[in-house]
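The sequence lines fix the lettering, A, B, ..., with proteins before strands; numbering per chain opens at 1.
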Amino acid sequence: MNEPIIHVQHLRKTYGDVVAVKDLSLTVFRGELFGLLGPNGAGKTTTIRILMDIYAPDAGEIQVLGKRPRQVRSRVGYLPEERGLYRKQRVMDVLLYLAELKGMPRKQAREQASYWLERVDLQDWAQHKVEDLSRGMQQKLQFVASVVHDPELLILDEPFQGLDPVNVELVKAILDELRDSGKTILLSAHQMNLVEELCNRIVLIHQGEAVLYGEVDAIKRRYAPNRVKVRTNRPLEQLPGVRRIERQEDGDLLELAEGVTPQSLLRELVRRDIPIEMFEVAPMSLNDIFIAVVQGESSPQEREARS
Amino acid sequence: MNFRKVWTIARHEYLVNVRRPGFLIMTGLVPLLGGLLLLVAAFASGKTMHMLERIFVGQHMTGVVDESGLFTPILPDFARDYQLYPDESSGREALAAKAISRLIIIPDDYLDSGKITVITASTGVDMANIADSQPLKRFFIAHLARGVPDPRLRARLVAPYDPTILHLNGETESETQGPFAYISHLVVPYVLSILLIMTIFVSSSYLLRGVSEEKTNRIMEILLSSVTADELLAGKVMGLGALGLTQIVIWVVAGFALSGGAAGLLGLIIPLFDAPGIFLLAILYYLLGFLMYAVLMGSVGALGSDMQEAQQLAAIFSLLAAVPLMFAGVLFSNPDSPIFRVISWFPLTAPTAMMLRLPLTNVPLVDIVGSLVLILITIPFVLWLGARLFRLGILMYGKRPSVREIWHLLRMT
């Protein structure tokens, strides 16, 4: 397949007796927008900090851009979850300093900083102190600080936090743009709908382990087949192969037993001559899957595998 | 370690802190105070009193009503500043017309009583100083001595001595001029030592504050995604060390300018360059001391969860470095006393102790070499420990680790 940009094998990290990351393996390929999901305390931030060489792992193998994290830190952009900039310094100075620390020459850094400030509509604030900016503007500036040195790999921890809907769209557009230009992006976010929209592959970490990993569509397909939404004017009862019926405003949500396909149910409904206004294989949203997995439910396949 | 990044950090730290109001005030205040001190010293000195009186009060004439006859006529030397008036009322008129700034009435029983009356229009410095005014005393003595036949004796009565002071300085004797040269010879290097010590604390407190701020406002994580903790610490120590040196250079240059500007009144800064070896040695101790304290302060700043806590922790080291200052009394009476030799050798107090001791006495070579060797042995250990504590502390939010935790983590890293 593609060139792996992040390659993590059996990563483990503990703080004293607390296991933050138990055994995590994942690969992110070039040009991907990869989603890192998980409830609070799942080990996302620890994983990211290890990728950024801020923490050392207890065990496991980590390669970033084909090398050890320390060797490539100037080619990686990082937006930490805990935001912060020099409040008393001017916007432009802060950006130049951070770009220079990443090894970018000052002249080029100035061009890049100007470009990005304009891109997020902060060009008029370049000479203002950071503390003069509104909260939303500071969030945008923080984002700019992570991309100003033109990194190949971008690691973003909750980039949409604290942004209003307009700016969420702006950042989304920029992320799409960056991906299209060949950058690789690792994104950690709580907003499932955004992850669903943006990412082609995800990993869901729970208690330090990957519980879901792969293409978003495949994951959804894996969870989807056994739920069907049907709208009819006839009450639906005692259908073979239906385990549970949940009445919703716009129809009934039918949970099918194992081995029962939507097709066989449709056949049964037609056979019974039930007038169907709507028949839809109900996909689970990523959010539902997230909640289901975290709360301990497992996918049908996993259930099968266990039995 | 990537030295370009260290350099970038050092430059940033320097530029940010050089603009701090605290730095500017302190850097400016010291030469200003020095200048003031110089003026006060000059004031106290009789020789320069007259000149300063002229500078501050302006040219003034003194009217004299001489009822005793001892001051008539006024000697040519004093005719420029003293004017006779036949009686009090004409004198008062001149005073009212501002032709003179004060009127001295010398009664006919002056020789018996010594009493005179001074009427003055101003309430300025000259008023307060009339009793001790050297020019006025000279005016009186010169006229009273008019009857002395021997002109040499007359001259000695007016100006009793013109001193040349020889200062014992090792094998050589150096000649110093002016009544305050001797004191300045002792005091100036001592004051400079104290300034150097202050600079160490000021710069390392900037380091402490900087680290603490970066930790509190969470920019630390971004920095650590670009540079290692060691590079960060090294850059900060270098940048702030340069800042401290800047301050010293400004002070020394200002000292030159001041003593030059004061028309050679007192060669205040000269003693410093009488013994350049001592000065250079003091700078060496300064650099080593700064390196040690800065690294310790930086790591301690990283361990505290906020500024206040960091400062409390840092107080331990400030106290340690200030121990020699507490023994200043011992130092002055006997700079080579055993207690001072002990703190000159102990690495954490040695830089400050030696900087205080060097200008006051001929420190035995064994003390200098011994303390330097001990400091040089200690520094790698301090750097090792400091860098580790720094690395540990910078990402630890919320709570300060206990001593046991620190020990445990130190052994793990």
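Around CZ of A:R68, the count of heavy atoms belonging to other residues, nucleotides or ligands within 6.0 Å does not exceed 12. Taking a 6.0 Å sphere around OH of A:Y15, one finds it holds more than 12 heavy atoms contributed by other residues, nucleotides or ligands. In this structure, A:K172 places its NZ atom where more than 12 heavy-atom neighbours from other residues, nucleotides or ligands lie under 6.0 Å away.
Counting only heavy atoms from C-beta outward, the side chains of B:L223 and A:L98 approach each other to under 4.5 Å. In this structure, the side chains of B:V16 and A:Y86 stay at 4.5 Å or more apart for every pair of heavy atoms. Using a 4.5 Å heavy-atom cutoff, the side chains of A:K102 and B:S225 are in contact. Taking the side chain as every heavy atom from C-beta outward, A:Q89 and B:H12 approach each other to under 4.5 Å.
In this structure, CZ in A:R70 is found 6.0 Å from OG1 in B:T228, a value given to the nearest 0.5 Å. Within the model, atoms CG of A:L85 and CD1 of B:I222 stand 5.5 Å from one another, a figure rounded to the nearest 0.5 Å. Distance check, rounded to the nearest 0.5 Å: CE of A:M104 to OG of B:S226 gives 12.0 Å.
Among all heavy-atom pairs drawn from B:R218 and A:E82, the shortest one is NE-OE1, 3.0 Å. The minimum heavy-atom distance between B:T8 and A:Y97, with the atom names listed, is O-CE1, 3.8 Å. Here the shortest heavy-atom pairing between A:G84 and B:I219 reads O-CG1, 3.6 Å. Contact detail for A:R73 and B:V227: the closest heavy-atom pair is NH2-O, 3.4 Å.
Between B:R11 and A:E100, at least one side-chain nitrogen of the basic residue sits less than 4.0 Å from a carboxylate oxygen of the acidic one, meeting the salt-bridge criterion. In summary, B:E221 and A:R49 engage in a salt bridge, as defined by a charged side-chain N under 4.0 Å from a carboxylate O.
Proximity to chain A (any heavy atom under 4.5 Å) is shown, for B:L15, by neither the backbone nor the side chain.
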